[in-house]
Amino acid sequence: MPWSVINILRKNPDLMRWNMLRRFKDPRIVDEFVRADREWRRIQRELNELRHKHNLISSEIPRLPQDLRSKRIKEARELLGIIKEHERRLKEVGKYRDRLLSAMPSILHKEVPVGPNELFNRVVRVWGRARVQRRHLRLFLSETLAKGFRMDYEIIDYEVMGHADVLEKVLKLGNTLKAGKVSGSRFYYLLDDIVWLDFALLMYAVDYLTRKRFRLVLPPYMLKGKYMAAVEELEAFKDALYKIEDEDLYLIATAEHPLAAFRADEVIPEEELPLLYVGISPCFRKEAGAASRDIKGIFRVHQFHKVEQFAFTLPEQSWEIFNQLIKNAEELYRGLGVPYRVVNIASGELNLRAAMKYDLEAWYPAQGRFRELVSCSNVLDWQAYRLNIKYLRRKGMVRDYIHMLNSTAIASTRTITALLENFQKPDGAIEIPKILRKYLELFKEAPKDYILPKSS
RNA sequence: GCCGGGGUACCCGAGCGGUCUAAGGGGCCGGCCUGGAGAGCCGGUGCCCCGAUAAGGGGCGCGCGGGUUCGAAUCCCGCCCCCGGCGCCA
């Protein structure tokens with residue numbers, strides 16, 4: 001079976017047109033594709049017929065007596081000219097067809113809220129007790145109660161400092177100025193206790209997921225262009241990815257990239273599915289589209305560490321695994337005690353790959369906002385088609401594209417910013433979540449209960 | 001990075017310009033046989049196009065991409081990867 005999206009485009013283009021409209025994308029690309037695909041198949045058919053003729057003549061030649069050969073060779077040579085021309089056109093039309101095809105999105109899940117922007121995101125659930133500054137109370141309620149969820153909160157009467165100021169001015173354990181000088185904006189030096197905290201968070205996530213039978217993977221941090229193009233959307237290349245100069249290599253923006261490519265060109269027997277992986281890697285992002293947003297601190301940076309969940313599943317399993325991945329992420333933040341809500345991302349905000357995406361957003365007491373810590377997506381067979389990954393159903397020897405899913409477990413710097421605001425004491429000290437204790441106790445110099453303000 | 005050897009289908013493995021329609025073996029799927037299984041026998045086992053999601057037909061596929069030729073797994077060029085040696089390096 002071809003890719004499910006090709007099937008739909010050929011047999012039920014109206015479904016894809018409707019899907020485009022729901023995603024606030026131009027549906028005319030569907031008609032454009034249908035036309036190109038028809039043309040491509042017509043040329044393909046003619047080419048096959050010509051090649052068939054040519055094959056017949058070629059195979060006849062060695063059995064012919066010398067004197068008759070030159071006539072047939074001449075015929076074959078003439079046919080070759082026509083074949084070359086058809087091949088050229090097939091390639092040309094095929095390229096156009098493929099370009100249109102690669103811009104086709106996954107079919108949205110029926111529960112995705114339809115809307116052009118994040119205002120249409122739907123809250124799925126809330127957890128924890130948020131610390132809300134009095135001046136943020138209305139904002140907080142509009143983001144919870146007004147969206148149908150009663151989230152526990154307490155009013156606090158002292159000023160909570162923003163994560164960037166706590167890090168650099170109170171704890172004095174981060175230096176983005178110096179990093180800016182030597183590397184540019186959105187880079188950072190982290191020091192001492194914050195580095196231990198970074199390690200501990202990663203260990204915590206890896207420990208939790210490997211206990212759940214996810215296989216631990218340390219993947220390559222660079223991928224060839226061909227594989228990047230298979231796992232990521234085109235726009236991501238210019239907006240998000242760093243490229244190695246003079247080489248066909250891209251720095252990964254998440255472990256999802258190499259994890260997806262891990263099983264490229266394989267046929268995986270159904271009894272091995274689902275395959276669950278937990279990858280740990282640095283992530284490199286240009287953040288070219290972000291302009292001057294979140295320019296302070298380590299919230300949005302060019303480089304950070306992340307533990308990532310990744311799954312290959314049978315098509316009928318993928319939604320069950322989707323729920324499992326987001327639940328795992330939630331467990332991790334419940335363990336830390338970070339209050340959050342889970343939101344179902346609106347259709348207009350979704351990338352092409354995802355059929356549905358849930359974000360986990362933590363409450364930030366200083367900013368008075370919920371902010372994304374985790375993103376969990378089911379991309380169905382979108383990546384599998386490009387990476388050529390299939391499952392094999394023994395019964396009937398059926399091969400078809402596998403489903404692939406990804407979800408953050410913990411992104412270190414982002415999570416640290418959430419801890420800096422949520423566990424900040426009036427004096428600026430940061431209380432370390434109890435659950436991280438065992439990952440800090442391994443190290444004599446690591447902090448155990450609090451990270452304290454530096455006086456000097 | 002340099003020199004040498006290599007990459008054939010799910011696995012092993014032959015072929016090194018024209019009956020290659022890629023031999024042969026193993027695995028897997030289906031059928032026959034059986035009370036059931038095994039053994040045995042027969043067929044199938046990648047991608048694309050036509051066709052009705054059929055029967056059937058055709059094209060492509062020997063690491064990837066080009067080229068030479070009427071004809072390429074086989075000859076030539078570029079790239080990727082693996083093995084051995086040298087260099088460099090944590």
Side-chain angles (χ1 to χ4, degrees), chain A residues 1-13 15 33-98 100-102 218-230 244 246-250 258 261-273 275 282 312 315 381 384-402:
Chain A
M1 285 286 275
W3 184 28
S4 62
V5 166
I6 297 176
N7 268 341
I8 287 161
L9 286 164
R10 284 182 181 166
K11 287 170 190 154
N12 190 3
L15 174 57
F33 174 82
V34 169
R35 200 176 318 129
D37 185 51
R38 260 195 214 120
E39 173 72 357
W40 178 77
R41 284 189 285 171
R42 186 184 64 77
I43 299 167
Q44 171 101 301
R45 195 182 61 239
E46 287 173 13
L47 178 60
N48 281 349
E49 285 161 7
L50 289 165
R51 277 178 175 159
H52 181 53
K53 261 201 232 168
H54 181 262
N55 285 346
L56 289 178
I57 296 172
S58 271
S59 61
E60 203 183 294
I61 286 169
R63 279 175 282 138
L64 248 38
Q66 278 306 328
D67 52 324
L68 293 176
R69 282 195 184 188
S70 57
K71 183 169 169 283
R72 300 301 269 169
I73 288 176
K74 193 165 160 253
E75 270 181 55
R77 206 178 275 147
E78 277 163 11
L79 256 180
L80 268 182
I82 307 172
I83 287 172
K84 280 264 151 62
E85 175 57 19
H86 271 73
E87 281 173 344
R88 197 189 58 74
R89 293 217 25 230
L90 185 73
K91 206 168 170 180
E92 190 182 298
V93 175
K95 235 170 138 180
Y96 180 57
R97 186 195 94 115
D98 289 346
L100 292 170
L101 190 58
S102 68
L218 194 127
Y221 301 161
M222 300 178 205
L223 283 182
K224 295 178 188 174
K226 178 185 165 186
Y227 292 97
M228 266 305 181
I244 303 296
D246 298 327
E247 290 192 61
D248 178 34
L249 278 177
Y250 293 83
F262 186 34
R263 309 303 297 264
D265 297 309
E266 287 192 46
V267 178
I268 301 169
E270 62 177 331
E271 60 270 20
E272 291 179 25
L273 299 171
L275 285 169
F312 298 88
D381 58 357
Y385 166 67
R386 289 142 204 262
L387 291 163
N388 189 29
I389 308 178
K390 299 185 169 183
Y391 63 87
L392 174 69
R393 225 183 273 284
R394 296 277 175 206
K395 188 149 177 69
M397 294 294 274
V398 174
R399 281 157 206 269
D400 212 341
Y401 292 107
I402 214 163

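Numbers restart at 1 for each chain; the letters A, B, ... are given by sequence-line order, proteins then strands.
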Starting at the 5' end of nucleotides 57-71 of chain B, put B wherever the base has a protein heavy atom under 4.0 Å, S where only the sugar-phosphate does, and a dash everywhere else.
-BSS-----S---BS

Going by side chain to side chain contact (heavy atoms under 4.5 Å, CB included), name the residues that satisfy it together with A:R394, two or more places apart in sequence or in a different chain.
A:P269, A:E270, A:E271, A:L392

Who passes side chain to side chain contact (heavy atoms under 4.5 Å, CB included) against A:F262, sequence neighbours left out?
A:Y277

Matching residue for A:I43 among A:H86, A:E87, A:K91 - test: side-chain contact (heavy atoms from CB on, under 4.5 Å)
A:H86

Within this structure, what is the CH2-CG distance for the pair A:W40 and A:L47, rounded to the nearest 0.5 Å?
10.5 Å

To the nearest angstrom, how far is [X] atom [atom1] from [N] atom [atom2]?
{"X": "A:D265", "N": "B:rC47", "atom1": "CG", "atom2": "P", "answer": "12 Å"}
{"X": "A:L50", "N": "B:rC49", "atom1": "CG", "atom2": "C1'", "answer": "13 Å"}
{"X": "A:I6", "N": "B:rU53", "atom1": "CD1", "atom2": "C1'", "answer": "16 Å"}
{"X": "A:L101", "N": "B:rC48", "atom1": "CG", "atom2": "C1'", "answer": "14 Å"}
{"X": "A:R399", "N": "B:rU53", "atom1": "CZ", "atom2": "P", "answer": "22 Å"}
{"X": "A:K390", "N": "B:rU45", "atom1": "NZ", "atom2": "P", "answer": "14 Å"}
{"X": "A:L90", "N": "B:rC47", "atom1": "CG", "atom2": "P", "answer": "19 Å"}
{"X": "A:R38", "N": "B:rC49", "atom1": "CZ", "atom2": "C1'", "answer": "16 Å"}

For [N], the Watson-Crick or wobble partner whose two distances fall under 3.5 Å:
{"N": "B:rU34", "result": "none"}
{"N": "B:rC62", "result": "none"}
{"N": "B:rU19", "result": "none"}
{"N": "B:rG24", "result": "B:rC12"}
{"N": "B:rG43", "result": "B:rC29"}

If you find the nucleotide of RNA chain B closest to A:N388 and the one closest to A:K11, which residue's nucleotide is nearer the 5' end?
A:N388

Expressed in whole Å, how much space separates the [atom1] atoms belonging to [N] and [M]?
{"N": "B:rC29", "M": "B:rG46", "atom1": "C1'", "answer": "15 Å"}
{"N": "B:rC79", "M": "B:rA55", "atom1": "C1'", "answer": "44 Å"}
{"N": "B:rG6", "M": "B:rG13", "atom1": "P", "answer": "15 Å"}
{"N": "B:rC2", "M": "B:rA22", "atom1": "P", "answer": "38 Å"}
{"N": "B:rG36", "M": "B:rC49", "atom1": "P", "answer": "42 Å"}
{"N": "B:rU69", "M": "B:rC32", "atom1": "C1'", "answer": "48 Å"}
{"N": "B:rC83", "M": "B:rC28", "atom1": "P", "answer": "30 Å"}
{"N": "B:rU68", "M": "B:rC77", "atom1": "P", "answer": "15 Å"}

Which is true for A:R42 with a 4.0 Å heavy-atom rule: it touches a base, it touches only sugar-phosphate, or it touches nothing?
nothing

Closer than 4.0 angstrom, basic N to acidic O: yes or no for A:K95 and A:E92?
no

Nearest listed nucleotide, side chain of A:R41, among B:rC48, B:rC50, B:rC28
B:rC50

Could you check if a side-chain atom of A:L9 sits within less than 4.5 angstrom of a side-chain atom of A:L101, using non-hydrogen atoms only?
yes

For atom CZ of A:R38, is the number of surrounding heavy atoms from other residues, nucleotides or ligands below 6.0 Å larger than 12?
no

Only one of A:R97, A:R89, A:Q44 clears side-chain hydrogen bond (donor to acceptor under 3.5 Å, both in side chains) with A:E39; which?
A:R89

Could you tell me how the ring of A:Y385 sits relative to the ring of A:Y401: parallel (under 30°), tilted (30 to 60°) or perpendicular (over 60°)?
perpendicular

